[in-house]
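See structure below.
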Amino acid sequence: MRYGHRVLRADWSSAEARWTVEVEQGAAGERRRFSCRFLHLCSGYYRYAQGHRPTWPGEADFRGTLVHPQAWPEALDHAGKRVVVIGSGATAVTLVPELAKTAAQVTLLQRSPTYVVTLPARDALAEWLKRHLPPMWAYRLVRLKNIALGMFFFRLARRRPAQVRARLVGLVRRQLPAGYDVATHFTPRYKPWDQRVCVVPDGDLFQAVGSGRAEVVTDQIERFNAGGLRLASGRQLDADIVVTATGLQLNLLGDVAFHLDGERCDFSQRMAYKGMMFSGVPNLVYTFGYTNASWTLKADLTSDYLCRLLRHLQRHGLAVATPQADPAVAPRPFLDFSSGYVLRALDQLPRQGAAKPWRLYQNYLLDLLTLRHGRLDDGTLALRPAGPPPRG
Ligand SMILES: Cc1cc2nc3c(=O)[nH]c(=O)nc-3n(C[C@H](O)[C@H](O)[C@H](O)COP(=O)(O)OP(=O)(O)OC[C@H]3O[C@@H](n4cnc5c(N)ncnc54)[C@H](O)[C@@H]3O)c2cc1C
């Protein structure tokens, strides 16, 4: 593992059946090259260099501190300050209760609400099982329970959106003081799981709002001014610190410039194979998790699949694995999700296909079967030994 190395470029040579990876190292930006047979990208799903940052009129007039969570200044002291957090996603709902512990006042300013669900920070069943079973058994059972519950609620939300919506909003109402305007601040316009549902541990967000240490304001920003923000409703939100928790820029491949035999590879023109490789791109596996379950479940499956593939290549004296595009398979958008960060990036993402093995099922059990136990040599993944590729 090498820290402080940023991958800039990766070149595939068919003749050598190898990737050459160009890296920038350290503060001086020294360039280095590595070469490898196989590339596995675990570069996350958003641009690390910068987040999504809309601009508003009057920002230059603001006399306080403006912060994006992706570039949080280590020395920022929010104790005793008035803080406005713009946004209603996972970042905002995570930050607000934490900031509210010492800030004078925290305001979560959103254009529209998100589904927010409380889960216990400590899992009572897990604690009980750990006391009574060997650790690995307890872990496996709890993991299974969490996966099954997650899948059950997702399916229920898709099949009975009205009931699930009423239930989720009802649960929020029970955690806030009587008369709180749940309809305005915690009732989204979209159906549950059209966008990711936010989970808050032990209802910390609702506790912060209920105690008055935090407030939710649903409004539009008209402009910044010296003291804070002027809203479309005419209300003024005074602030010492404004946090723009306005989201991220989806970025599948770590801003690495990929070339295949000298030609720039445009991934928006490729089809994703099993949600982890690309049509026509040899020996490249990327990691992209679930949008409807724990992200890391698919990350685990991807690593398992890669290990199986490497073992298979080794056992059969093969070196190159390339998904072969199938023109008969109709392309579909990579993600079926209405979140802003997804919609903003859809045209840069690869496509998925309408049928196996090009389709992204977003279903852990199905993926578990196909990725752990399905055939590697499935007729779509072309496998060949090292050396120059066959002609034609
Ligand atoms: C606010 C928020 C809440 C979330 N909550 C959950 C949750 O509850 N459950 C869940 O499962 N997931 C959640 N996620 C998703 C979470 O980000 C992922 O589950 C997890 O971080 C993915 O791990 P990863 O290792 O794939 O990617 P990351 O954690 O994103 O790591 C990617 C790494 O690659 C490095 N990198 C990128 N490009 C390059 C390059 N060119 N060269 C070198 N290094 C590079 C980055 O510096 C980084 O270290 C949340 C995300 C956010 C933003």
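Note that ligands are numbered from 1 as they come in the structure, with each ligand's atoms numbered from 1 the same way. The shown structure was predicted, so the numbers you read here are calculated from the model rather than taken from an experiment. Both backbone and side-chain heavy atoms feed into the values below; hydrogens, waters and symmetry mates do not. Along the sequence shown, the residues carry numbers beginning at 1.
Counting the atoms of ligand 1 from 1 in the order shown, those under 4.0 Å from a heavy atom of S294 are 11 (O). For ligand 1, the atoms lying closer than 4.0 Å to a non-hydrogen atom of T296 are 11 (O), 19 (O). Heavy-atom proximity to V256, at under 4.0 Å, picks out these atoms of ligand 1: 41 (N).
A 4.5 Å side-chain heavy-atom check between L76 and I241 finds at least one atom pair inside the cut-off.
Each of N283, T302, T287 was evaluated against H40; a single residue qualifies, T287, per the side chain to side chain donor-acceptor pair (under 3.5 Å) test. For the side chain to side chain donor-acceptor pair (under 3.5 Å) with H78, the lone residue among D240, T65, T102 that qualifies is T102.
The nearest protein atom to atom 2 (C) of ligand 1, hydrogens excluded, is given as A90 CB, 3.9 Å; this is a heavy-atom distance. Given atom 41 (N) of ligand 1, the protein heavy atom at minimum distance is G254 O, 2.9 Å. Here the protein heavy atom with the shortest distance to atom 14 (N) of ligand 1 is Y45 OH, 4.2 Å. Summary of contacts: the protein heavy atom closest to atom 44 (N) of ligand 1 is H5 O, 4.2 Å. Among protein heavy atoms, the minimum distance from atom 27 (O) of ligand 1 is reached at G44 CA, 3.3 Å. With respect to atom 45 (C) of ligand 1, the closest heavy atom belonging to the protein is S43 CB, 4.5 Å. The closest protein non-hydrogen atom to atom 1 (C) of ligand 1 is T91 OG1, 3.4 Å. Nearest to atom 20 (C) of ligand 1 among the protein's heavy atoms is W295 CD1, 4.2 Å.
In terms of polar-atom proximity, V7 is counted as a contact of ligand 1, with an N or O under 3.5 Å from an N or O of the ligand. For a threshold of 3.5 Å applied to N or O pairs, the pair formed by L248 and ligand 1 contains no separation below that value.
Judged by the shortest distance from any of its heavy atoms, T94 lies outside the 4.0 Å radius around the atoms of ligand 1. Taking a 4.0 Å cut-off on heavy atoms, D255 fails to register as neighbouring ligand 1. The closest approach between C42 and ligand 1 falls below 4.0 Å for a heavy atom of the residue.
Between W19 and F38, the distance from one ring center to the other does not fall under 6.0 angstrom. Ring centroid separation for the pair F186 and Y115 does not come in under the 6.0 Å cut-off. For F288 and Y286, the ring centers are positioned 6.0 Å apart or more. Two rings, from Y273 and F278, have their centers 6.0 Å or more apart.
Note that atom 32 (C) of ligand 1 has protein non-hydrogen atoms nearby, at separations under 4.0 angstrom. Put simply, atom 11 (O) of ligand 1 has protein non-hydrogen atoms near it, under 4.0 Å away. The presence of a protein heavy atom under 4.0 Å from atom 7 (C) of ligand 1 is ruled out. Protein non-hydrogen atoms do not reach within 4.0 Å of atom 4 (C) of ligand 1. Atom 22 (C) of ligand 1 is approached by the protein to below 4.0 angstrom, counting heavy atoms only.
Under the 3.5 Å distance criterion, the side-chain polar atoms of S211 are matched with a main-chain donor or acceptor of A208.
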Full working for salt bridge (Lys or Arg N to Asp or Glu O under 4.0 Å) between R111 and D219: CA-CA 5 Å; R111 281 182 302 188; D219 207 327; over 6 Å; no

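Closest heavy-atom approach to atom 9 (N) of ligand 1 within the set R47, R196, Q70: this belongs to R196. Which of F288, Y48, Y286 comes nearest to atom 48 (C) of ligand 1 through a heavy atom is settled by distance: it is Y48.
For the 3.5 Å distance criterion, the side chains of Y290 and N363 fail to qualify, holding no donor opposite an acceptor. If you check the side chains of S88 and T114, you find a donor sitting under 3.5 Å from an acceptor.
One finds the CD atom of E22 at 12.5 Å from the NE2 atom of H5 (value rounded to the nearest 0.5 Å). Between the OG atom of S14 and the CG atom of L260 there is a distance of 7.5 Å, given to the nearest 0.5 Å.
Here R9 pairs with D11 in a salt bridge; the nearest charged N to carboxylate O distance falls below 4.0 Å.
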